[in-house]
Every structure is written in C-alpha cells, then in structure tokens.
Amino acid sequence: MRFVTISLLLLALGLGGWSAWHAAQTRRSETSDVVLLLPGPQLPALNPFLPADEAERQILDLIHEPLLRIDREGRLATALAEQWTWHQHMTCWFASTEAARAAAQELREQPVEKRATWDLESVATQGASLIVRFTRPESSVAAEVQAVLAAASPEKLTFIRIHAPPSARFSLEAFARHADHAASTKRLWFDEDGTCEIVTSRTSLEAQQALFEWLRPRHSPVPEIVPLTEVAALLEPVLDFQLKAGLKWDSGEPISAADVRATLAYVMPRPWPLSGRDAFRQIQSIEEPAPGLVRIIYRQAYSPALAAWTTLPILSAHWLSEQKGDFTQAPPGAGSWQVDRREGARMWLKKRTSGELQGAVPGIQMCSFTSPQEARIGLATKSFDLFWPSGLPREMSRSGTGFKSVTAPARHQIMLVWQTASPLLAEVGVRTALGLAVDREALQAAIPGGLGRAHYSFFPPGFWFSSPHRPSAPDAAAAEKLLSKSGWLKDIQGRVVRGGEEMRLRLVIPDGNADREKLGLALAQQWAKLGVRVDLVQVPPQNYFMELQDGRFHASLVGGELAPGWDMLPFWHSAQSRSRGLNVSQISDPKLDLLLEALVAEFDPSRIPNRAAAVESRLRELQPALPLFTDLTEIAVRTDRFPGLQELDLSRGLILHDLLSATSTLASPKAKLQMLSPK
C-alpha cells in the first residue's frame, strides 16, 4: 500500500517522532501547506505521460500545462495558448516563379463580391508555389478558386503510397532530399508502421520509376509502390495557436513552437498511452511564422484534432535535447506549480508565479504512508487535508470524520457491444429488448467496491457536446413484448425460443480480468430472468480484439479510455467494420455514416453539440451497443480546510486545480470565460 501526505509520517522516527511531528501539524494555521495523502508505497515518479493513478495524474496537471484546457463547464479554455484559429491552405505549384505570380494576380483581380464569398484571407507566392489561405478549413469554395487558376496551368500533383517497413524511412527521406528529386517532392509523410506517402509533381509512372530505381539498391525487397490519386492543388487544414505573452521556462527561455514540436517528436515513437495519438499522426509540420505563434499544418481535415491539444503537456525542447532515452528524472513543466524539494518520503510543490493563490496556498506537501493504521491516526488528528481512499477502508471518508467524499472526473468507460451482423441479433428490436432487461444499478454490485457510475451516452460525460440522455428504467415486461414481436417466445421451461431454437448468447470477456468476469456473470443472471441463456467465454487478452473483429461473439464487454474529442467514426462507421477498423459491432447504416462524417468535419465548436446529438440519437435507434459505466474514483476532502468546496460544481468531478481555489471562501468573481474562435 502506498499513501502520501505531503508533510506526514516518518515511521523511522518512532512513536516519539510521530508525536512531535503530529503536534507541529495540529498547530499549523489554515493558510499553511495543503497536505495530501496519496495512494502507494512510493512518491510519484511524475512522468507526465505515465501517471500511475488518479492522484499522480492530478498532481501532474498542476505541474504541466497543455496548449488548451477543458474548463469547469466542460468547454475549451486557454492554457499556454490564449487564442486559436482554424484556416485552410491551398497550395499550387507552377512551372516558374513568374507563372505563380501571374496566377496570384489573377486571383487578386477577381470581382470584389466573388472574393468576399470565397472567404479568402491571403494570397501569397513562395518561389514557384502559390499559397491561398482561407478563413475556414471546411471552405467549399476551393474548387471555384482552382477553376479560376486552371487557365494558369498549375502542375498536377500525384499521391504515391509506399508500403514500406520502418527500416526504409532513412532511404525515403534521402530520396526526398536528393538534388534529382527534391524539386518534384512536395510532401513526405510517414505512419508509425513505416508506410510512406509522397506528394510529387511527377506523373504516377515517372514517380514509380524514380522510386523503384532509388530503392532497388538500398532496400530488398523493394516495397510496394502504389499511385493513389492526382490533384491540381494540395488542401491542408491549418491550426494556429497564439501563445500567451511572456511565457518562459524556469531556465528563462521563452516557450515556443519548438517546444511543441520537440514534445511530439519525443513522445510519439514511445509506446506510452497518449490521448489524441491518431490526431497527432495527421500533423504534416509545426512552424513558427512569428514569435509566439504556433502553426500546425495537418494532412487532412479533422476537427477533433483541436481537442487532442487539451491532453498533451508541453515540455521544454532544451531539456528534452539533453535526454538520452526515457525519463530518468521528472521533467520541468510549464504549469503554475513546480517541484520544490524532496526529502525521503516527502515532496513539496510551490507556486511558479505570484498571484492571488500564492498567498492562500503557500505550498503543497505530499508524503508516503506505509499502513492504513497510520492513515487513521492522521485522519483522527486532521494531519492531512485530502486523500484518495483507494485501498483504504472506505469508512475513513464517511460522515462524522470531517471529510467529504467527492469524485474525480471519469477516465474510462465500459460498454456492452452487440454483434449486429449475427442472425441472432440482426433485428434492432431484439437488441433493444436485451438492453431493457439490463439493470445498471444492480450491476454496480459487481463493480469492485461499487466504484462505477452508470453512464447512458455514447459520448464521454462532462463536455459541452455531451448528451444528458438518461433512458427509462429497466423493464422486463417491455423486453418480453419486444422479443415476442420478433418471434421469440417463452416455452414451458421458461426459455426464450424461436422455431425450436433457444436464444443462447456468447458473451466474451478478456481472460484473467476478474472485474469483467463478475460483471459478465451479473449480466448473465439478469438475462436468465428473461429466459435467455448466456455462455460466458474468456478469451486471452492478446487475442481479444481479433476475436471481436472476426465476429466470434454475440455480446462483448469493451472498455476504453475517455478522451475529450468527439470522433465516434472509428467505432461505428461502416468503413471501419469487417476487420478494417474498430467497428466490431459490424453496424452498417448510411445515415449514421453521414452523421459521423459531418461531425468530424464540423470546425465550429458551437455547432458540435447539435451534430453530436444527431449521432447519439441515431445510435440509440440502431442499438449497436449499450453504454454501461464510467469509472468512479473518490477523493476525501477535509471540509473545514476547503470552505469554498460548497461553491464548486461537482457534477463533472473534482480536480486539484479546483480544490486549491476552494481553500478560501473569498473566491474571485464567478466569471465564465470561454475561448472563442475569431469569426
């Protein structure tokens, strides 16, 4: 067991040492350090990409800062960046610099009323290329602009994909730099599996021949080279972040686009869990066209890429350049707190900058405990202010102790997924009936300690686009009625049968997961009351996803990490089914496909809730899955230390950022600030 109290416990001192330490603690004033008790035998390692638990995650959130944050209302808010804007670049290449300039002049001479409808922000040339900047990434007028430019004969661009292993990357990068190929190579992209895409001004035949001749002596066998498409212009969405003025690292260096670029370059090759990794893979380049401006150019339009920046802590490029491998020490952060010192089992944080909170909270202390008994002593003497009761007797946070139990934000979700292509579950009415028989409150008894909260939406909770949907209560009678409409009736033995066939579900779970096994057994018991038999099948974890992709199940328990993005396309789009993606339910619906595509193509945050609601509504109609629970992590808070706690909205879960502002009731004015994208 590991417990931390930032200024608590030195068992090596013995009982006398404990008493003296405790006496000093009981004399501390309410403006002294906030004392935390953390779970675990060691102080946290503070790797910002590998938090061991919710406690370490929230401490890291104080030390490190992303470009954007999600505020208490679940909306996008400022962090290192004070403003963001989406744009779209359209790049055309011409035979000469003069031809590019003539094409630019042709656009500038278009009638004013036409230019106004195009959402043009700027027209510029760079050598033989013409760059047109639109104010919106989803601008539909790019085709009209290309039609005007057609008379200037821009070079045709060919997309080539090379199915190469990672070992071929060096050779392909050398190809793009070589004097014979650099001029014709416009873009070079790599996926993590080594697959490469090249945009070239050569024809597909010329490009294939050049690549084959280059790779043949350098890589055996020669990777497959496949031409994809031919276009007249390259369309790339662009995300601009304006950093807050005066931001610096502790070393005095300004925070810049170089830090953003270095952070991704360091993290992406490592197998660390990284929320938004798929969005970061779409980045073509990160530039700094002006001081304090971070320009991110993407390979394709994808609006949830914005939300990925709320979960990426930005690290110092200079500090990262000195790292030879994985972190051997905690990296410095750009957040409002920093590690002050460590002494044995204790660690202190202090404010990086002065401000209103500086006077109210001089510091934060943390320390590891070795037994629940010592935690009980600290609880009885009010020697700490906050603890995560994981692994501790839950009565420690109950009423009468002076502590109030609140919940942290949900991090994971578990869902019951149907195999909709199975003849047994192909009818929506059958899936709906089985869902009506599920009692989430009763299932909570199968969650360890009851630490799971019922969740009814396909989208994560607590965000501005989240659905507040709550279905009606479980209804076994309605379930039986729906089954009978599909021809499934109870026989004299109480079994649900149709045409002599008994309804028998194959419910698959990962092998060795005791929590999933308990949940699966509880589901089987609920369906047994309906007359449905369940075979609970445990599959080795390494084969679990393959089992789902191959459709060898009727129902499965699927868990995943919640992310702030709104992209549901990988899980429910028909193009992602049949072993091609994550749509293991095999749901295939043209209307749902269009709604999913419209959602990820929507770049206006104010319109995303309506788009998400339309997707949610269609998913509820189709019933490809049944959302069950999100995780529930408790935090025990000493109420007299946080008098402002009652003023906080606890519906989204509580984090340390919020709690530190509640150490005083003299809170700042309750202004709700929301970052808006300029029109």
Side-chain angles (χ1 to χ4, degrees), residues 48 61-71 75-89 91 120-124 126 131-137 236-268 276 279-280 282-298 303 305-322 331-338 351-355 357 564 603-605 657 671 673-679:
D61 196 42
L62 297 175
I63 298 171
H64 296 279
E65 194 81 342
L67 289 175
L68 300 178
R69 280 192 177 274
I70 300 294
D71 66 14
R75 298 182 179 276
L76 292 168
T78 62
L80 292 180
E82 64 180 359
Q83 189 182 59
W84 58 266
T85 51
W86 277 107
H87 305 274
Q88 181 169 269
H89 284 184
T91 308
L120 285 185
E121 186 173 320
S122 64
V123 177
Q126 289 183 0
I131 302 172
V132 181
R133 185 173 168 92
F134 297 94
T135 58
R136 296 199 309 270
E236 297 169 306
V238 178
L239 180 57
D240 282 350
F241 288 109
Q242 183 62 53
L243 299 179
K244 292 178 180 176
L247 291 176
K248 294 183 179 181
W249 298 105
D250 294 337
S251 62
E253 296 175 289
I255 297 175
S256 68
D259 301 309
V260 179
R261 188 164 50 242
T263 299
L264 280 176
Y266 188 87
V267 175
M268 288 296 285
F280 295 134
Q282 297 299 323
I283 294 175
Q284 162 65 22
S285 63
I286 300 176
E287 304 170 355
E288 189 172 22
L293 181 61
V294 182
R295 175 160 294 167
I296 301 157
I297 302 176
Y298 289 89
S303 69
L306 178 64
W309 295 103
T310 66
T311 61
L312 181 74
I314 304 303
L315 304 183
S316 163
H318 176 75
W319 188 88
L320 287 171
S321 68
E322 298 176 344
S336 54
W337 294 82
Q338 64 182 1
K351 287 284 289 181
R352 292 183 71 241
T353 57
S354 60
L357 198 57
F603 286 84
D604 185 346
H657 266 291
L673 303 179
Q674 178 182 350
M675 181 185 289
L676 299 177
S677 178
K679 302 296 182 186

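To the nearest 0.5 Å, atoms OG (S256) and CD (E288) are separated by 5.0 Å. Considering CG of L293 and CD of Q83, their distance stands at 9.5 Å, rounded to 0.5 Å. Atom CG of L264 and atom CD1 of I296 lie 8.0 Å apart (nearest 0.5 Å). One finds the CG atom of D240 at 11.5 Å from the CH2 atom of W84 (value rounded to the nearest 0.5 Å).
Every residue meeting the side-chain contact (heavy atoms from CB on, under 4.5 Å) condition with E65, not counting sequence neighbours, appears here in chain and number order: R69, A79, L80, A334. With sequence neighbours excluded, no residue satisfies side chain to side chain donor-acceptor pair (under 3.5 Å) with T263. With sequence neighbours excluded, the residues satisfying side chain to side chain donor-acceptor pair (under 3.5 Å) with H87 are T85, E121, R133. Take W319 and apply the ring-ring contact (aromatic ring centres under 6.0 Å, His included) test, not counting sequence neighbours, and it matches F327. Take S122 and apply the side chain to side chain donor-acceptor pair (under 3.5 Å) test, not counting sequence neighbours, and it matches no residue. In this structure T311 satisfies the side-chain contact (heavy atoms from CB on, under 4.5 Å) test together with S275, P564, sequence neighbours excluded.
Although no hydrogens or angles enter the test, the distance criterion places a donor-acceptor pair under 3.5 Å between the side chain of H657 and the main chain of D61. Side-chain atoms of Q338 do not come within 3.5 Å of backbone N or O of G333 as any donor-acceptor pair.
Of the options L312, T78, L306, a side chain to side chain contact (heavy atoms under 4.5 Å, CB included) to L68 is made by L306 and by none of the others. Among L243, V294, D259, the one residue that satisfies the side chain to side chain contact (heavy atoms under 4.5 Å, CB included) test with I314 is D259.
Within 6.0 Å of the NZ atom in K244, the count of heavy atoms belonging to other residues, nucleotides or ligands exceeds 12.
The minimum heavy-atom distance linking L315 with P332 is given by the pair CD2-O, 4.1 Å. Closest approach of W86 to A305, counting heavy atoms only: CH2-CB, 4.3 Å. When all heavy atoms of E287 and S285 are compared, the closest pair comes out as OE2-OG, 3.4 Å.
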Please step through side-chain contact (heavy atoms from CB on, under 4.5 Å) for the pair F134 and L120, ending with a clear verdict. CA-CA 5 Å; F134 297 94; L120 285 185; 3.5 Å; yes

L76 vs I70, side-chain contact (heavy atoms from CB on, under 4.5 Å): CA-CA, chis, key distance, verdict: CA-CA 5 Å; L76 292 168; I70 300 294; 3.9 Å; yes

Please lay out, stage by stage, how R352 and W337 fare under the test side-chain contact (heavy atoms from CB on, under 4.5 Å). CA-CA 5 Å; R352 292 183 71 241; W337 294 82; 5.6 Å; no

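By the 4.5 Å heavy-atom criterion applied to side chains, H64 and P331 are counted as neighbours. Side chains of Q282 and P237 form no contact here, defined as non-hydrogen atoms less than 4.5 Å apart.
Aromatic ring orientation, W309 versus F280: perpendicular (interplanar angle above 60°, classes split at 30° and 60°).
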